[in-house]
Amino acid sequence: ALETLRGSQSGALPKGLPLTTRDLIVRALRGTSGPVSAAEMAAATGISRVSARRYLDHLYQKGLVTLSSRYGSTGRPEHRYEWSSPD
């Protein structure tokens, strides 16, 4: 009952993440031939890298995408996302 009051329903998006933008990310991600970074997804959809990362992380938490890391020579690893849902 408390989850209902808080708005944390199973299919609900976090505050500030519109469904239309999530659908844009899903379509773009499903159209890729392999893992992509948040920066690549941002360039493909026209949204900011930070926004793309928020949507991709949400999709990962829902089990719809897989997450892997690519390590370069220095700095932080780059997160790579790939669609994995069967539907």
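Numbering of residues begins at 1 and proceeds along the displayed sequence.
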Should [X] and [Y] count as side-chain neighbours, where that means a heavy-atom distance under 4.5 Å?
{"X": "Leu56", "Y": "Leu29", "result": "yes"}
{"X": "Thr45", "Y": "Thr21", "result": "no"}
{"X": "Leu64", "Y": "Trp83", "result": "yes"}

Which residues satisfy the salt bridge (charged side-chain N to carboxylate O under 4.0 Å, His left out) test with [X], sequence neighbours excluded?
{"X": "Arg80", "result": "Glu40, Glu78"}
{"X": "Glu82", "result": "none"}
{"X": "Asp23", "result": "none"}

TODO: Drop me the distance from Arg49's CZ to Arg54's CZ, to the nearest 0.5 angstrom.
DONE: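 CZ of Arg54 is found 12.5 Å from CZ of Arg49.
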Open item on the list: Can you tell me how far apart NE2 (His58) and CG (Leu13) are? Round to the nearest 0.5 Å.
Closed with: 4.5 Å
Open item on the list: Side chains of His79 and Arg53 only: does a donor on one sit below 3.5 Å from an acceptor on the other?
Closed with: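 A pair is found: one side chain offers a donor N or O, the other an acceptor, under 3.5 Å apart.
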Open item on the list: Please determine whether side chain to side chain contact (heavy atoms under 4.5 Å, CB included) holds for the pair Tyr81 and Leu67, giving the CA-CA distance in whole Å, both sets of side-chain angles, and the decisive distance to 0.1 Å.
Closed with: CA-CA 5 Å; Tyr81 301 87; Leu67 175 63; 3.6 Å; yes
Task: Partners meeting side-chain contact (heavy atoms from CB on, under 4.5 Å) with Ala43 (sequence neighbours left out) - done: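 In terms of side-chain contact (heavy atoms from CB on, under 4.5 Å), with neighbours along the sequence ignored, Ala43 is linked to no residue.
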TODO: Report the residues that fulfil side-chain contact (heavy atoms from CB on, under 4.5 Å) with Arg76, sequence neighbours left out, ordered by chain and then residue number.
DONE: none
TODO: Indicate if Tyr55 and Leu19 have the same hydrophobic cluster label, given that clusters are the connected sets of ILVMFWY residues with side-chain heavy-atom separations under 4.5 angstrom.
DONE: yes
- [ ] Please report the shortest heavy-atom distance between Ser69 and Pro77, naming the atom on each side.
- [x]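 What the structure gives for the nearest pair is CB-CB, 4.1 Å.
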Open item on the list: For Ala52 versus Ala38, what's the shortest heavy-atom pair and its separation?
Closed with: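 Heavy atoms only, the tightest pair is CB-O, 3.6 Å.
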Open item on the list: Just to verify, what does Ser51 make a side-chain hydrogen bond (donor to acceptor under 3.5 Å, both in side chains) with, not counting sequence neighbours?
Closed with: Ser48
